[in-house]
There are 2 protein chains.
Amino acid sequence: MAKNGTISASVIKRLPRYYRFLGELMKQEVERISSRELSEMMNLTASQIRQDLNCFGGFGMQGYGYHVRSLHEEIGKILGVDREFGTIIIGAGNLGKAIAMHINFETRGCRLTGIFDVNPRLTGETVGPIAIRHTDEIEQFCKENKPVVAVLCIPKANTQEIADRLVKLGIRAFWNFSHYDLTIEHENIVVENVHLGDSLLTLTYRANNNIAPENSGNGQEDSN
Amino acid sequence: MAKNGTISASVIKRLPRYYRFLGELMKQEVERISSRELSEMMNLTASQIRQDLNCFGGFGMQGYGYHVRSLHEEIGKILGVDREFGTIIIGAGNLGKAIAMHINFETRGCRLTGIFDVNPRLTGETVGPIAIRHTDEIEQFCKENKPVVAVLCIPKANTQEIADRLVKLGIRAFWNFSHYDLTIEHENIVVENVHLGDSLLTLTYRANNNIAPENSGNGQEDSN
DNA sequence: TATATCCTGTTAATCATTTATCAAACTTTG
DNA sequence: CAAAGTTTGATAAATGATTAACAGGATATA
């Protein structure tokens, strides 16, 4: 909550969503917006939006609101979308390929530079502009290209082993889609466990017990 | 928190993870486990585990702990894994196919019965055991098969329109992977917006500001 | 069987997050 | 330019979530 101190996880989770909505507003050539208007668009309270933004600095102006373009830019800086973290995908199965094609890494501070798979039959096949390499080449590749982010799309049995190996090669952020709860003891290494299966289960739970939960609004929920 | 009252979203989000860990313990033929042991495995406090489980009833026994098999079964019931919600995927691009192949719907109370895409070239192609149908067939299919869950893997421009159409056809739960914040005004309809892009952005934010956040432990984070 | 140990369910306390409030500051309008 | 209307940033209040504490009941052991 402090302007310099650590930002709470709840706030951080909302930042990308602010960034998206502001991007949309920019496309629609909206110049200014108040916390009240934005709150209506986003299904939040105006108070929360002001509180969140003030963790990072007073971007608004009384009687005016927020300048859409500047706020978008500021949040972009906070999120680090201007960086170019080298990014590799481990596992070129259905999911690995889908993520390679579906996620716009560039607009999120990442540059996808390599895809790896243990299956030698896939070696050489291309996913978009990138050729699949064999897992044995990871060491060589990392020494040359110094990637920072690794996306894990591999079976759970191999996940911890591969992750430990990647830590030694300088990977500092793991985006883990494997059906396994990855933990890295090392400091300064961050992990995001996605667990799509868990996400589906919470959905079906809510579908079952669907007596319009008064607490969480109207049954919408975000996974982030 | 009340035993009958509404369960908080925070608790619900943890249930699938409990379910997974208990499943693993069963595989390892562990018969009983205490909240303390489980808390060490899962990186939670024992207190939280007991608190969470007690939202649903006293499954444990003093001096003994929890019977792994029974607890697994109970949580399964709560999550509704025994149900068979008919499930369809809309959009058979990379992501739609990957989800069809990668997610075990059966073990999560869902039965995947149809995949649809607007692209007529994909019609007839199979994904696992399921043939892709053209989007025009959705109406007919829903009348005959009464699916309840829809997985949206389509561009954001079409998402709201398709969702509204599906609501009329009886869909009551949306698992939305499109780059769009879906909201359904209807009561008794639940939505889970996944937003993989946002998930990546929170990861890179944490990688940037990576001065070992004392609050959230050691930099591990779950998306659920 | 008696004793020491263990562990749950529950209540209380702490901590975190969200919402409400309001003075100060800017914009708009006549 | 003055008055009316907005809207922020900051602080306070309210709500929610997590952790701690502990009595009561079960197990394990000798």
Side-chain angles (χ1 to χ4, degrees), chain A residues 1-15 17-18 22 25 30-68 70-71 74-75 213-217 221-222 224, chain B residues 1-15 17-18 22 30-68 70-71 74-75 213-217 220-222 224:
Chain A
M1 282 175 191
K3 210 158 283 180
N4 326 354
T6 317
I7 308 297
S8 82
S10 337
V11 175
I12 294 168
K13 279 186 194 161
R14 281 190 294 269
L15 284 182
R17 191 150 176 266
Y18 290 132
L22 290 165
L25 287 169
V30 178
E31 268 199 5
R32 50 183 271 192
I33 193 155
S34 71
S35 57
R36 188 186 47 74
E37 289 170 298
L38 192 56
S39 74
E40 281 160 14
M41 286 179 54
M42 295 186 67
N43 259 313
L44 299 171
T45 65
S47 211
Q48 178 163 69
I49 291 174
R50 293 204 298 275
Q51 195 81 275
D52 283 355
L53 297 179
N54 264 70
C55 295
F56 303 98
F59 300 132
M61 229 195 310
Q62 285 104 323
Y64 177 89
Y66 298 86
H67 184 65
V68 172
S70 333
L71 185 56
E74 289 290 348
I75 297 182
E214 303 97 39
N215 52 350
S216 72
E221 189 74 31
D222 280 345
N224 297 286
Chain B
M1 281 176 189
K3 211 158 281 178
N4 326 354
T6 317
I7 309 297
S8 83
S10 337
V11 175
I12 294 168
K13 278 188 195 161
R14 281 190 294 267
L15 284 183
R17 191 150 177 265
Y18 290 133
L22 289 165
V30 178
E31 269 199 4
R32 51 182 272 193
I33 193 153
S34 69
S35 57
R36 188 185 47 74
E37 290 170 298
L38 192 57
S39 74
E40 281 160 14
M41 286 179 55
M42 295 185 67
N43 260 313
L44 299 171
T45 65
S47 211
Q48 179 162 68
I49 292 174
R50 293 203 298 277
Q51 195 81 274
D52 283 354
L53 297 179
N54 264 70
C55 294
F56 303 97
F59 301 132
M61 229 196 309
Q62 285 105 322
Y64 176 91
Y66 298 86
H67 184 65
V68 172
S70 332
L71 185 56
E74 290 290 349
I75 297 182
E214 304 97 38
N215 52 350
S216 72
Q220 326 295 312
E221 189 73 31
D222 281 343
N224 299 285

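Note that the structure is predicted; figures quoted are calculated from it, not measured. Here is how names work: the chains are called A, B, and so on, in the same order as the sequence lines, proteins then strands, and each is numbered from 1.
Contact between the side-chain N/O atoms of Thr45(A) and the OP1/OP2 oxygens of dT19(C) is found at a separation under 4.0 Å. Under 4.0 angstrom from either OP1 or OP2 of dT6(D) there lies no side-chain N or O belonging to Arg36(A). Contact between the side-chain N/O atoms of Tyr64(A) and the OP1/OP2 oxygens of dG5(D) is not found at any separation under 4.0 Å. For dC6(C), the OP1/OP2 oxygens have no side-chain nitrogen or oxygen of Tyr66(B) closer than 4.0 Å. Contact check, Ser35(B) against dC7(C): no side-chain N or O comes under 4.0 Å of OP1 or OP2. Look at Asn54(B) and you won't find any side-chain N or O under 4.0 angstrom from OP1 or OP2 of dT8(C).
For the pair Ile49(A) CD1 and dG9(D) P, the interatomic distance rounds to 12 Å; values are reported in whole Å. Between the CG atom of Leu44(A) and the P atom of dT17(C) there is a distance of 16 Å, rounded to whole Å. Taking atom CG on Leu53(B) and atom P on dC7(C), their separation rounds to 15 Å, with Å as the unit. The nearest whole Å value for the distance from the CZ atom in Phe56(A) to the C1' atom in dG9(D) is 16 Å. For the pair Phe59(B) CZ and dA26(D) C1', the computed distance is 19 Å after rounding to whole Å. Rounded to whole angstrom, the span from the CG atom of Asp52(A) across to the P atom of dT17(C) amounts to 11 Å. Rounded to a whole Å, the CD1 atom of Ile12(A) is 14 Å from the C1' atom of dA16(C). Per the geometry, CD belonging to Gln51(A) stands 12 Å off C1' belonging to dA16(C), to the nearest Å.
Among dG9(C), dT18(D), dG9(D), the nucleotide with an atom closest to any side-chain atom of Gln48(B) is dT18(D). In this structure, the nucleotide among dA12(D), dC26(C), dA28(D) sitting nearest to the side chain of Met61(A) is dC26(C). For Arg50(A), taking side-chain heavy atoms from C-beta onward, the closest of the listed nucleotides dT19(D), dT27(C), dT21(C) is dT21(C).
Rounded to the nearest 0.5 angstrom, Arg17(A) CZ and Ile75(A) CD1 are separated by 12.5 Å.
Across all their heavy atoms, Ile49(B) and Ser35(B) have their closest contact at CD1-O, 3.7 Å. Between Leu53(A) and Phe59(A), the shortest heavy-atom distance links the atoms O-CE1, 3.9 Å.
A side-chain N or O of Glu37(B) and one of Ser34(B) form a donor-acceptor pair less than 3.5 Å apart.
Under the 6.0 Å distance and 45° angle rule, Arg32(B) does not count as a cation-pi partner of Tyr66(B).
Checking Arg14(A) against Gln62(A), the closest nucleotide of DNA chain C that is more toward the 5' end is the one next to Arg14(A).
Contacts of Ser47(A) with the nucleic acid, taken as non-hydrogen atoms under 4.0 Å apart, include base atoms.
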